[in-house]
Amino acid sequence: MQQKRDTMKITMNGEVRDLENETSVLQMLTSLELNPAKVAVERNLEIVPRSLFAETMVKEGDRIEIVRFIGGG
Amino acid sequence: MQDKPLVIAGREYASRLIIGTGKYKDYQQNADALAASGADIVTVAMRRVNLSDPNEPMLVDFIDPTKTVYLPNTAGCFTGEDAVRTLRLAREAGGWDLVKLEVLSDPKHLYPDMVETLRSAKMLIDEGFKVMVYCSDDPVFARKLEDMGCVAIMPLGAPIGSGLGLQNLVNIRLIVEQSSVPVIVDAGVGTASDASIAMELGCDGVLMNTAIAEAKDPVRMARAMKHAVIAGREAYLAGRMPKKRYADPSSPLAGLI
């Protein structure tokens, strides 16, 4: 039987969400079905460079923003 | 007869028309309008992804950022800190440092807050951004922004989305005469003749969104704008005839039977 993993609470785009412990930014995007090449990520007001998505771990209480380009004037 | 290309921050652009990507029916229509306009640069906004719909259409799937220059804007930002934060994300998402700064004030007129615009421009330039700045049509502020290092001065022709056409030709012309960086009229154009008027004044380019997106046929209006910008530019370079108060016949009077 698979052991139930612990989760942590984070705020993602203004919504409080549960996320599995030991999740990288890349894993977080993959679980959201988002293409990492088409978004930018901010963690606690700091940019997470795309090259560091795989090694940057999300931590309890993090404030994450995931943004993309949309139409604008 | 060859015109010089538009040069912004050291890069050449064949088209003097910049178009927005907001308010279209969908991204496909937007892409079709872009193709018809011949524009090399599009303005874009940066917003949160919709977490409940990961498969929503993405702008980058319709307008290829490797072929068209994305000019991220700071729409919705009211302070320099907001603008820097937004454009850092845009730079990470796309890798560009050419940006459009717009710090607005009252939603009723969307006039730029020039005090905050000046402060924001300084912050962005200090971070290495190349700033094209939406500004009031005040030549004094325009000069300050150029002296600070902005790479293009973009005075409004009329309030954003109003389609009223250029309201203060005198000020736009003063800004054109004093500037050594490109002057691009941003906002206020309603139809093709407005774009031609801006170019006839000697502006280096025109930026528009609503005039195309809210036309009954946006793709056709995009094509009209392409021609209008070229026509206005050519007329400016050709040098118009002087205005006279009385008629002057085009056919010779000598040799009448």
Side-chain angles (χ1 to χ4, degrees), chain A residues 4-73, chain B residues 18-27 29-31 42-63 65 70-76 81 85-95 100 102 110 134 160-161 186-187 207-213:
Chain A
K4 187 176 179 294
R5 288 197 218 169
D6 287 330
T7 60
M8 57 185 170
K9 289 220 181 297
I10 63 159
T11 305
M12 189 187 290
N13 286 4
E15 294 175 25
V16 177
R17 291 201 163 208
D18 289 314
L19 201 66
E20 284 182 7
N21 282 336
E22 302 297 314
T23 300
S24 70
V25 168
L26 183 61
Q27 286 165 332
M28 175 187 73
L29 295 174
T30 308
S31 71
L32 291 164
E33 298 174 54
L34 292 169
N35 182 341
K38 295 178 182 174
V39 299
V41 177
E42 191 192 72
R43 178 174 166 258
N44 301 328
L45 300 175
E46 296 283 335
I47 296 281
V48 181
R50 190 170 288 143
S51 58
L52 299 180
F53 279 179
E55 61 195 75
T56 303
M57 303 308 289
V58 182
K59 299 270 168 39
E60 173 82 36
D62 274 359
R63 282 182 301 148
I64 304 285
E65 294 285 343
I66 310 171
V67 300
R68 88 295 196 210
F69 290 117
I70 66 156
Chain B
I18 300 175
I19 72 168
T21 55
K23 300 180 180 174
Y24 286 90
K25 186 183 74 183
D26 52 36
Y27 285 148
Q29 185 189 58
N30 196 166
V42 293
T43 55
V44 296
M46 203 80 218
R47 291 291 180 274
R48 285 172 168 170
V49 297
N50 183 354
L51 294 173
S52 58
D53 183 11
N55 296 313
E56 67 176 345
M58 295 279 250
L59 182 64
V60 292
D61 294 328
F62 291 85
I63 296 175
Y70 272 33
L71 181 66
N73 70 23
T74 59
E81 287 74 13
R85 187 182 171 202
T86 299
L87 292 177
R88 278 181 185 156
L89 279 163
R91 180 161 58 183
E92 186 54 33
K100 170 180 164 179
E102 55 179 303
L110 295 178
Y134 171 68
I160 292 173
D186 179 0
L207 194 164
M208 63 183 73
N209 191 149
T210 315
I212 296 175

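The sequence lines fix the lettering, A, B, ..., with proteins before strands; numbering per chain opens at 1. Only heavy atoms go into these numbers, but all of them, side chains included; no hydrogens, no water, no symmetry mates.
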Using modelled atom types only, decide if a donor and an acceptor are shared between the side chain of B:Glu92 and the backbone of A:Arg50 within a distance under 3.5 Å. yes
Can you see which heavy atom on B:Ala93 is nearest to which on A:Phe69, and at what distance?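 Scanning both residues completely, I find the closest heavy atoms to be CB-CE1, 3.7 Å.
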Of the backbone (N, CA, C, O) and the side chain (C-beta and beyond), which part of [X] lies under 4.5 Å from a heavy atom of chain A, both, or neither?
| X | result |
| --- | --- |
| B:Met58 | side chain |
| B:Ala90 | both |
| B:Asn73 | side chain |
| B:Lys100 | side chain |
| B:Glu56 | side chain |
| B:Tyr134 | neither |
| B:Tyr70 | side chain |
| B:Asp186 | neither |

To the nearest 0.5 Å, tell me how far B:Asn50 CG sits from A:Leu32 CG. 11.0 Å
Rounded distance (nearest 0.5 Å) linking atom CZ of B:Arg88 with atom CG of A:Leu45: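 With rounding to 0.5 Å, CZ (B:Arg88) is 9.5 Å from CG (A:Leu45).
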Quick check on the interface: out of B:Ala75, B:Ala45, B:Gly22, who has the most heavy-atom pairs with chain A under 4.5 Å? B:Ala45
Can you sort out the partners of B:Arg48 under salt bridge (Lys or Arg N to Asp or Glu O under 4.0 Å), two or more places apart, ordered by chain and number?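 A:Glu65.
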Tell me, side chain or backbone of A:Ile70 under 4.5 Å from chain B's heavy atoms, or both, or neither?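 It is both, since atoms from each part get that close.
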As a test of understanding, state which of B:Leu89, B:Val44, B:Val49, B:Val60 forms a side chain to side chain contact (heavy atoms under 4.5 Å, CB included) with A:Arg68.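 Going through B:Leu89, B:Val44, B:Val49, B:Val60 one by one, the side chain to side chain contact (heavy atoms under 4.5 Å, CB included) with A:Arg68 is satisfied by B:Val49 alone.
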Does anything in residues 28-37 of chain A form a side chain to side chain donor-acceptor pair (under 3.5 Å)? List the pairs, not counting sequence neighbours. none
So which of A:Gly73, A:Gly72, A:Ala40 has the largest heavy-atom pair count under 4.5 angstrom toward chain B?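 Winner by heavy-atom pair count: A:Gly72.
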